[in-house]
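All remarks here apply to the structure that follows.
None of these values were measured; they are calculated from a predicted model.
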Amino acid sequence: MNSESIIEFLTSARGWVMVLIFFPGSIFIHELGHFLAAKWRGLQIDRFSIGFGPRLWGWTRNGVDYRISLLPLGGYVALPQLAGMQGIEGDSAVPSNKLKDISFSDKVIVAVAGPVFNVLFALVIGTFLWQVGIPAPERSQSKEIGYITPYILDEAGEKVASPAVQAGFQIGDIISSIDGRKIENFGSIVESVALSAGVDNDGKRVVNFSVIRDGQLKDLIVYPSLNEEYGMRYIGIGAGYDVIIGEISPDSPASKTDLQSGDLILAADGQRMRSIEAFITFISERGSKEFELQIKRGTETLTRKLTPTLVSYNKDGDQRPMIGIGFDSNTILVNKSPITQVGDAVNATIRTLSALVNPKSDVGIQHMSGAVGIARIIKNTAAQDLRYMLFIVLIININLAIFNLLPIPVLDGGHITFALITKIRNKPLSPNFIASLQGSFMFILLGLMIYVTFNDVSRWSKDASDEKKYEENKVELKFEDPKTDPTPAIEQPASD
């Protein structure tokens, strides 16, 4: 095994270790809240389980069965006095007629304690990240437009101008707000468009942008399209950021100049370059024609002339113009207060849930992620940077807290709702009615989990298959002397 393979193995192993720690760890924190609150309020506790279904491993202490169960879809603390969950969690060790009644405040405190612990855990993570900073690519924090997709394929497969082109966006526009909501970074731009639910009088999807252009605020109306792969709204723009030269390929046009790794690309033939995508598109449109590249090295601004050459980039023999450079970009540290981090996660979660139930949005259950999808996200981010992975765990805990507070039977919010109805009626609901309702909703949620898990596995399998095909079809780039190519390769893949 070579050093590259060893590093890849260790990186993957680190990702899986983080999954095993933080995914069940977030569930444990939630259930610990219920457990400690139940102990404080003197409730009967039968089980503390991570996972559902048959018991795999555990121990019993002071009458409580602490266990790891077969199905890693969540967890529970069996509290027979809280609600009729016996059909899901199993019968209580204490007969129901010997269980003491508990108050409304007991029920609410115990039910809400799980989400509260998730929020507290998120605040602890947020405090750590506030001190060390969350690493983020410059492009993710930008509000500037650095690339505009020139065209897309419509539903009929015809090439048409992209929504961004039709709306009149320009390179260098600074996005101020979307549908009246202030924008903080490019991630919030993509999110706001994807979660938008606006439609015009003709039923067409519409998003309202405010941009700053030449110091003036300008309103733009955009009619987004649906992403072919994910079925979510997009308009065809990319972030603006510094484009930095990375590795330079041997024998390439770039290697025959004095270009250096770390040089900042400013412009090409006088066109300002504020994204990798824009520069790659420029090279493709030039074909094998000479152009002038303006770079910045330290405090100096330099100009160099280069001529792209056609290079085969896969085993199928497909070619496109290249100058033989890799790309790099700046990484910055984001230091947000824990309150801000948690607040942002709360707002994003609420917007997502709102879009999910809004019939005018294009967000559906098929876009949700379950245990498999969450595990994949934790694994991938852990392989990149543990700090960013912790930020994802923070978001997951906020999602878990808010989802569990929804007034749905089986969830914590459902227990609170039952307790509130009982208090208003001044008499308890029928145990059989509660048990039937809990069982029905558990069946619905289980079906939803299976559906979401199937989608997660399908996406993961497809992505793994696509990556394998890409790797198998790759070839080592070989540069030859430039040849005249009068036909620009505009439609070639955007990579260099």
Side-chain angles (χ1 to χ4, degrees), residues 20-125 371 393 396-397 400-401 403-405 409-419 422-423 428-429 431-432 434-435 438-439 441-442 445-446:
L20 293 174
I21 293 174
F22 284 101
F23 182 47
S26 298
I27 296 169
F28 171 78
I29 291 292
H30 181 91
E31 301 307 332
L32 181 64
H34 293 312
F35 177 80
L36 294 178
K39 269 197 168 292
W40 172 41
R41 306 300 287 190
L43 272 66
Q44 169 68 27
I45 305 173
D46 290 333
R47 277 172 300 284
F48 186 121
S49 177
I50 301 300
F52 292 96
R55 186 179 195 263
L56 293 179
W57 176 81
W59 67 92
T60 300
R61 183 178 179 182
N62 297 329
V64 180
D65 177 19
Y66 301 90
R67 63 163 70 174
I68 303 294
S69 298
L70 179 63
L71 302 175
L73 300 176
Y76 66 91
V77 177
L79 304 169
Q81 293 152 295
L82 189 59
M85 298 283 287
Q86 291 85 350
I88 301 164
E89 300 172 352
D91 293 330
S92 173
V94 179
S96 58
N97 59 359
K98 293 187 177 181
L99 291 171
K100 70 173 185 177
D101 292 334
I102 60 174
S103 67
F104 171 74
S105 58
D106 289 335
K107 293 177 181 179
V108 172
I109 289 171
V110 173
V112 82
V116 167
F117 265 53
N118 283 126
V119 173
L120 292 175
F121 185 44
L123 286 169
V124 170
I125 295 174
V393 173
I396 290 170
N397 275 268
L400 194 60
F403 179 74
N404 272 279
L405 286 174
V410 179
L411 302 179
D412 301 328
H415 298 328
I416 295 171
T417 301
F418 286 141
T422 298
K423 186 171 181 63
L429 293 167
N432 290 335
I434 293 177
Q438 299 277 39
F441 272 88
M442 186 63 192
L445 285 177
L446 183 59

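Summarising the geometry of His34 relative to Val110, their closest heavy-atom pair is ND1-O, 2.7 Å, with the distance given to 0.1 Å. Closest of all the heavy-atom pairs between Leu429 and Ile434 is CB-CD1, 3.8 Å. Residues Ala401 and Val119 share a closest heavy-atom pair of CB-CG2, 4.0 Å. In plain terms, the two heavy atoms of Gly33 and Ala113 that are nearest each other are O-CB, 3.2 Å.
Identified under the salt bridge (charged side-chain N to carboxylate O under 4.0 Å, His left out) test for residues 104-120, with sequence neighbours left out: Arg41-Asp106. Counting only residues at least two apart or in different chains, salt bridge (charged side-chain N to carboxylate O under 4.0 Å, His left out) contacts with residues 27-37 are absent.
Counting heavy atoms from C-beta outward, Ile102 and Leu43 have side chains that approach closer than 4.5 Å.
In the model, His30 has no side-chain atom that pairs as donor or acceptor with a side-chain atom of Asn397 under 3.5 Å.
Residues meeting the side-chain hydrogen bond (donor to acceptor under 3.5 Å, both in side chains) test with Thr417, sequence neighbours left out: none. Residues passing the side chain to side chain contact (heavy atoms under 4.5 Å, CB included) test with Ile29, sequence neighbours excluded: Phe117, Asn118, Phe121. Partners of Ile50 according to the side chain to side chain contact (heavy atoms under 4.5 Å, CB included) rule, which considers only residues two or more places apart in sequence or in another chain, are Pro24, Ile27, Phe28, Phe48, Ile68. The side chain to side chain contact (heavy atoms under 4.5 Å, CB included) test applied to Pro409 returns Phe418, Leu437, Gln438, Phe441, not counting sequence neighbours. Every residue meeting the side chain to side chain contact (heavy atoms under 4.5 Å, CB included) condition with Leu405, not counting sequence neighbours, appears here in chain and number order: Val112, Pro115, Ile416. For Trp57, the ring pair (Phe, Tyr, Trp, His ring centres under 6.0 Å) criterion is met by Trp59, not counting sequence neighbours. The ring pair (Phe, Tyr, Trp, His ring centres under 6.0 Å) search around Phe104 returns none, not counting sequence neighbours. Residues passing the salt bridge (Lys or Arg N to Asp or Glu O under 4.0 Å) test with Asp65, sequence neighbours excluded: Arg55, Arg67.
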Checklist entry - Taking it one step at a time, do Tyr66 and Thr60 satisfy side chain to side chain contact (heavy atoms under 4.5 Å, CB included)? => result CA-CA 6 Å; Tyr66 301 90; Thr60 300; over 6 Å; no
Checklist entry - side chain to side chain contact (heavy atoms under 4.5 Å, CB included) between Lys39 and Ile45: does it pass, once the steps are laid out? => result CA-CA 8 Å; Lys39 269 197 168 292; Ile45 305 173; 3.7 Å; yes
Next on the checklist: With side chain to side chain contact (heavy atoms under 4.5 Å, CB included) as the criterion, how do Val393 and Ser26 come out once you've worked through the C-alpha distance, each side chain's angles and the decisive distance to 0.1 Å?
Outcome noted: CA-CA 8 Å; Val393 173; Ser26 298; 3.9 Å; yes
Checklist entry - How far apart are the C-alpha atoms of Leu411 and Leu445, what are their side-chain angles, what is the distance that settles it, and do they pass the side chain to side chain contact (heavy atoms under 4.5 Å, CB included) test? => result CA-CA 10 Å; Leu411 302 179; Leu445 285 177; 4.2 Å; yes
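With values rounded to the nearest 0.5 angstrom, Arg47 atom CZ is found 13.5 Å from Phe35 atom CZ. Between the CG atom in Leu70 and the OG atom in Ser49 there is a gap of 10.5 Å [rounded to 0.5 Å].
Between the Ser69 side chain and the Leu71 main chain, no donor and acceptor come within less than 3.5 Å of each other.
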